[in-house]
Each structure stands twice: as C-alpha cells, then as structure tokens.
Amino acid sequence: MGKILMKGNEALAEGALIAGCQGFFGYPITPSSEIAEYMARKFPQLGGIFLQAESELAAINMVYGAAATGARVMTASSGPGISLKQEGISFIAEAELPCLIVNISRGGPGLGGIQPAQSDYFQATRGGGHGDYRLIVLAPSSVQEMMDYAIEGFDLADRYRIPVMLMAEGTLGQMMEPIYVREPVKPAIEKPWATTGCAGRSPNIINTLHLSPEVLEHRNQHLQRKYDQLQANESRAETFMTDDADLILVAFGLMSRVVKKAVIEARKQGIKVGLIRPITLWPFPDAIIKEAAEKAQMFLSVEISMGQMIEDIRLAVDGAVPVDFYGRIGIIPNPEEIYSEIIRIAEREGF
Amino acid sequence: MTTSIKQLPDIEQVLSGNGACGGCPATMALRIVGKALGPNAIMLLTPSCSVASMGMTPRLGYNWPCINICFATAGSSASGITHALEIMQEKGRLQGELPTVFTWVGDGGTYDIGFQALSAAAERNDNMIFFCYNNEAYSNTGVQRSGATPRGSYTTTTPSGKRQQKKNMALLMLEHNIPYVATATVAYPGDLYDKVAKAKSISGMKYIEILAPCYLGWQFDMPETVQMSRMAVRSGAWLLWEAENGKISFNKPSASIINGKKDAAPVDEYLMKQGRFNRLLKGPDAAQRIAEIQGDIDREIAFMRERAQITI
C-alpha cells in the first residue's frame, strides 16, 4: 500500500488502534482533542471503548482501572491536563500497569497558550508526580513516527509493565504528512497479573499502599532495577554527522528536523557540526552523548523551552566539554536562526 | 414586572476588542450581567470560550479585575477571594461595599470538571455568584460532549448522537440549600438582568445558569442566536425559573407551560433548525429519535412542575 496523507494526532490514534488498543479515556484539550475525536469515530465500528470522562483526573483513573484488567488502553491530553493526571500516573507506575499516555504539548506555565513547546520535558522525564518512578518517554519527530511510536509504545509498556508517555509538540499533532500505514499488531504478551476475576485461581491484587517500611523499600528497589534495565537496554537516539563534529547540536521531536536542516547548511560552509536526536527522552541516551563528548569540543542544546533537556546533556557530558543553549517558547526557532547560532558559535570558538 | 430591554442601564462592562465569535451568546449575556453588577465586581474565568476571547492580554475586553483560574476550581478560587475580602473588611483594610465576586464558567467547568469545587463552595455557602453560561458542549476545544449536552445531539465525541440525558444542574444546585438559584437565557435579557440584580443583593452562594445557544456548536446561522434561545424556551427544552430560599417560581413564558395555560411548542422545529440534531434526523429512526428528545423535555416539565410544589 502507498502512502496516505494523515494528521499527526490521527496517525497516532490509528497507530494505537493498529497496536490493538481497546480503550480510550480522555477529556477535551487543545491541541490533542483530535485523538479523542478519532477514537470516538472509530471505536463504535471496531468494538472498543471510547469514553469521554468528566475530568483529566477521571480519565487517567479510568485508564488505571482498565489497564488493571490487562487491556491495552490509553489517554491523551496536553500540558495542563497532564498535570492533573499526575497522581493517577504515579499510582499506575507503582502498580506496574502498562498503558499509553499521550502529551500533545503546549506552552506553559499556567494556562499558557496552545503554541508549540517542549517545556513539559521535566514533567515527563522526572516522573511528574510523587514518589520515585519513571515513565518511558518517546519523542516522535514526524507524523510517521506518531504512528510508529504509538505501536511501539504499547509494546514497551507491556514488556516492561510500565506506563509509556508519547510526547509531541502541538504542531506535530496538528500537521499533515504522507505516511505508510502499518500492519495490525496482535498483542502477544501474556498478563497473568491482570485482575479478571479469580474463578479457579487465587485473586490478583493491584496495590500501591505499603504500610511496612521494608515492603515499601523493597518495592522501590524492585522498580529501580526495572529502570536500570531500561537505561541499559532501551535508550535510543538518532545521530547525524557526529563522527567528526566539533559542535554537536542536541534536539528532540519536531525541533530536531529544523536543526538537521541548519546542520546540513552549516556543513556546506565547511563547519564540522552534527546532531544527536534523543528518541527516548527517558531513558535519556547518556551513553551516546558521553561517547560523542570524547571527540566533540562543544554541545548546543536546542529546545522549544527555556532550557530543560540541557540538564540531562550536562549530566551525560559530565564536564568534559561545555554545553550551550538556544531556545524559544511558543515559537519554533527556524533553520536560519539555528544556522546563525551555529555560525556565531563557530566564529567565537574558532571551529 | 420584568425590566424591559429599554430600561437597562447604559453601563458597559463588556468592551470592544474581545475576540468572541459573531452572535456569541456568552458575550451577549455577559453584557447584560455587567449592567446589573456594575463595576464593583471581581471576575473569575476558567479555561473556556470567554477566556480565549477576552482579548490579547495584557489588554482585556472585560472591564473588571479578572483572574484566570484552573479549569476544575472556579468554586475554590472564588471562595479564596471572597474569604480574603471578608477578612480584609473585618480588619478594616477594605472600606465601603464589598465587590461582588462572580465566576464566568462554561458548562464543562460547571457540570463536569468543576462540579466538585462548585458543590463544596455551595455547601459552605460562600459569598459569590456562580454563573454558568451553558452552550451545551465544549465549544472552545472543537465541540465535544459535556454533561450538559442533550440526548440526540451530535458533537465531535458523540458522532452518532449523545445517548444520555443531560443533568439538571440548576436543580442540583438548589438541592445544596443555597439562598438563590436561577436559570436564564439571552432571548429574555430583562429576566436575566432582574435575576442578576437580585442575586447581587443576597449574601451567600448564588447560582445562575444561562442557556447560551452557540451557532458553531449547535450549527445554526450566526444571526439566529436570540431566535434559537427563544425557541429553546418556547419548546420547553429550557425552563426559566428561580428559587429564593428553596422556593421555585417559574418566569414567563415558562410559567405558562408549567401551569398549563399554554402548550410547549413541539420540539421538531427547534431540532430541525440545528445541524447538531438534524444531521442525525435523516434516517428511518428519525421519528423515534425525536420522540426520545421530546420525552426528555416532557419528563423534565412534569418533574419541575411537581418539584415546585415542595416548599419546605
């Protein structure tokens, strides 16, 4: 089958259906609402559940309940709504329930605006709610990846029994690109832990309350081991022209495509510049960045925020080379801007 | 006697420069509300059409001090303001008449996500007017269903029509034993004005819900907002009533429908004027769908007639 033209939010929703998603629980918020609307149209034909909740709190806790039965389920929202979901996400993380949580992000703080932003990076990568937990956070950079990462997100969630967040800028949710629609996936992972009644077996219990300090510590150690495993096995990044680069730009999501164009233009001028694009924002691709820091002389974090991912880059680089920052919010920096910044740094540093 | 539109004062609290759609019923209603409240008031706005269209900040199309608050918590933030004002007055830091604290919230922020905070503020009888401008959907985010969306209505999340009946939110507020509850709509501006003026004079929690026919969500022609509002009342789909200290009285023309002097207009004409209904009334089940909607309206009229008999 050839390519078809799809909107980012709809491609993501279709990707979830391809992955065998059986339930969507959501609440309206711009710029994510098309995901809910797509599910509302599709699920009656497919036999899944679309339910518009009365609040974000309700939606994430419907996901909590539904995920406990072992069904592939999801929710989608944007910044303010994702903030409201945090208590539920913390419970889901501790209960180790697989699900997909989508943040089609916008600018904050407060009600902010519906313009593109990546300023929910801290919220997504540090756990967001209370307690020691993490989510796998995937950052697509194209409409094709909106679909592909939705499919992969469900797979990772099931394999590791962890909530997976897919975070994309509002612009990516709203824009259209031609994509290949993937083949339907049949979820193959058994879920013997699911609460589906206990006829003929002992009851499964989904619990997040640990009154004994030893059990509480044990639970946290257990989660930590899983997170260590994820850091070792699942961190992903795309590298572009980094081998001989003096200056390496780091950008994720839609921003990385703009940066790539600026890198190509700067290369034409003979400036040795490259790009690392984290695909998993958590686990962050520390090893790839650390390795690149052995050869590069400088890093530049380019973000649609006031500077959040830069902290992870600095941790990965661990003082080996300086890390600079370029960012805007509500406005995606254009390739010319990034190119000018590269030239400015190259002239200053003598690259 | 209801105040006539000609008698409304010249005060304008809604200024030019707001970004509302043409024919926006929420803006029309707010204009009337402003005439009754005057300038000594504090406005709270949750995420909704009215906050999205309030003008390009820091400029504002509403001539009040405004606070833009979280979606779920209009009742809470208004409680915070009202308690702070009272304590400042008590300590002598605020002189003169206290400003009226009022929320301007859509049906999503009232019926759904905001209900808990509203219910708690009502239970505490905190001193505010909680306005719900009810356009029967989440119009600001592209028209999704809400708890106020009537049965049979198309929205982007009920593509084959909502299956459930709407809540009777004003009645739920009445059951909180608050001193004043009223319903209104833009086709009857004098009725709305009088209700707001009365609410302003009463201490404690006041709830006023205004039916706000939205051309975009309801899919009718932009200039027909007022006509649609009138048709909602004449068909009995929206009842005009008020309750002081729990005693319900109906206002014209709903009073005539309730006391049987006049029959409610059949709902067909009202439904067929709106794309949100008529797009789903083209198949063989149209008659049944209309009968269901009519059944909801008839039941509500009968129920409210009986409910008004309870005066203790």
Side-chain angles (χ1 to χ4, degrees), chain A residues 7 9-10 13 24-46 49-62 75-88 104 106-115 170 173-174 330, chain B residues 19 44-54 56-57 66-74 77 106-119 135 137-149 153-164 166-167 169 172 217 280:
Chain A
K7 193 174 191 176
N9 279 340
E10 298 192 339
F24 181 96
F25 306 92
Y27 188 72
I29 183 166
T30 308
S32 82
S33 299
E34 292 86 358
I35 302 172
E37 291 167 2
Y38 192 84
M39 293 306 202
R41 289 198 299 274
K42 288 283 180 165
F43 267 138
Q45 303 157 27
L46 299 172
I49 288 291
F50 165 81
L51 206 157
Q52 187 186 314
E54 74 278 20
S55 68
E56 299 292 3
L57 182 67
I60 192 66
N61 285 292
M62 287 171 183
T75 187
S77 188
S78 187
I82 298 290
S83 293
L84 280 168
K85 290 181 191 293
Q86 292 302 336
E87 186 199 28
I104 303 298
R106 52 192 261 177
L111 195 50
I114 56 172
Q115 295 83 8
Q174 297 297 321
Chain B
L44 291 100
L45 287 152
T46 54
S48 71
C49 289
S50 287
V51 83
S53 62
M54 67 187 181
M56 296 302 270
T57 47
C66 287
I67 171 164
N68 160 224
I69 52 167
C70 298
F71 205 0
T73 52
S77 297
D107 44 301
T110 305
Y111 283 60
D112 297 344
I113 194 168
F115 184 55
Q116 175 176 301
L118 166 59
S119 175
N135 52 28
Y138 290 82
S139 297
N140 187 41
T141 50
V143 194
Q144 294 85 14
R145 62 93 88 186
S146 79
T149 306
S153 174
Y154 166 90
T155 68
T156 53
T157 52
T158 54
S160 53
K162 190 183 168 196
R163 292 200 300 267
Q164 303 85 0
K166 64 181 178 178
K167 294 184 197 175
M169 189 66 199
L172 284 172
L280 302 169

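Since the model is a prediction, treat every value here as computed from it, not as a measurement. In what follows, chains carry the letters A, B, and so on, assigned in the order in which the sequence lines appear, proteins first and then strands, with residues in each chain numbered from 1.
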*Between A:Lys42 and A:Glu10, is there a side-chain N and carboxylate O pair less than 4.0 Å apart?*
no
_Less than 4.5 Å to any heavy atom of chain B: does that hold for the side chain of A:Tyr38, its backbone, both, or neither?_
neither
*Smallest separation among heavy atoms of A:Pro31 and A:Gly170, with atom names*: CG-CA, 3.6 Å
*Quick one: side-chain hydrogen bond (donor to acceptor under 3.5 Å, both in side chains) partners of B:Thr141, sequence neighbours excluded?*
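side-chain hydrogen bond (donor to acceptor under 3.5 Å, both in side chains) check on B:Thr141 returns B:Gln144.
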*Taking side chain to side chain contact (heavy atoms under 4.5 Å, CB included) as the test, write out the residues that go with A:Ala53, two or more places apart.*
A:Ala58, A:Ala59, A:Met62
*Under a 4.5 Å heavy-atom cutoff, which of A:Leu111, A:Leu57, A:Leu84, A:Thr30 has the most pairs with chain B?*
A:Leu111
_Does any backbone or side-chain atom of B:Tyr111 lie under 4.5 Å from a heavy atom of chain A? Answer side chain, backbone, both or neither._
neither
*Examine whether an atom of B:Pro159 lies under 4.5 Å from a heavy atom of chain A, and if so say whether it belongs to the side chain, the backbone or both; otherwise answer neither.*
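Just the side chain, heavy atoms under 4.5 Å.
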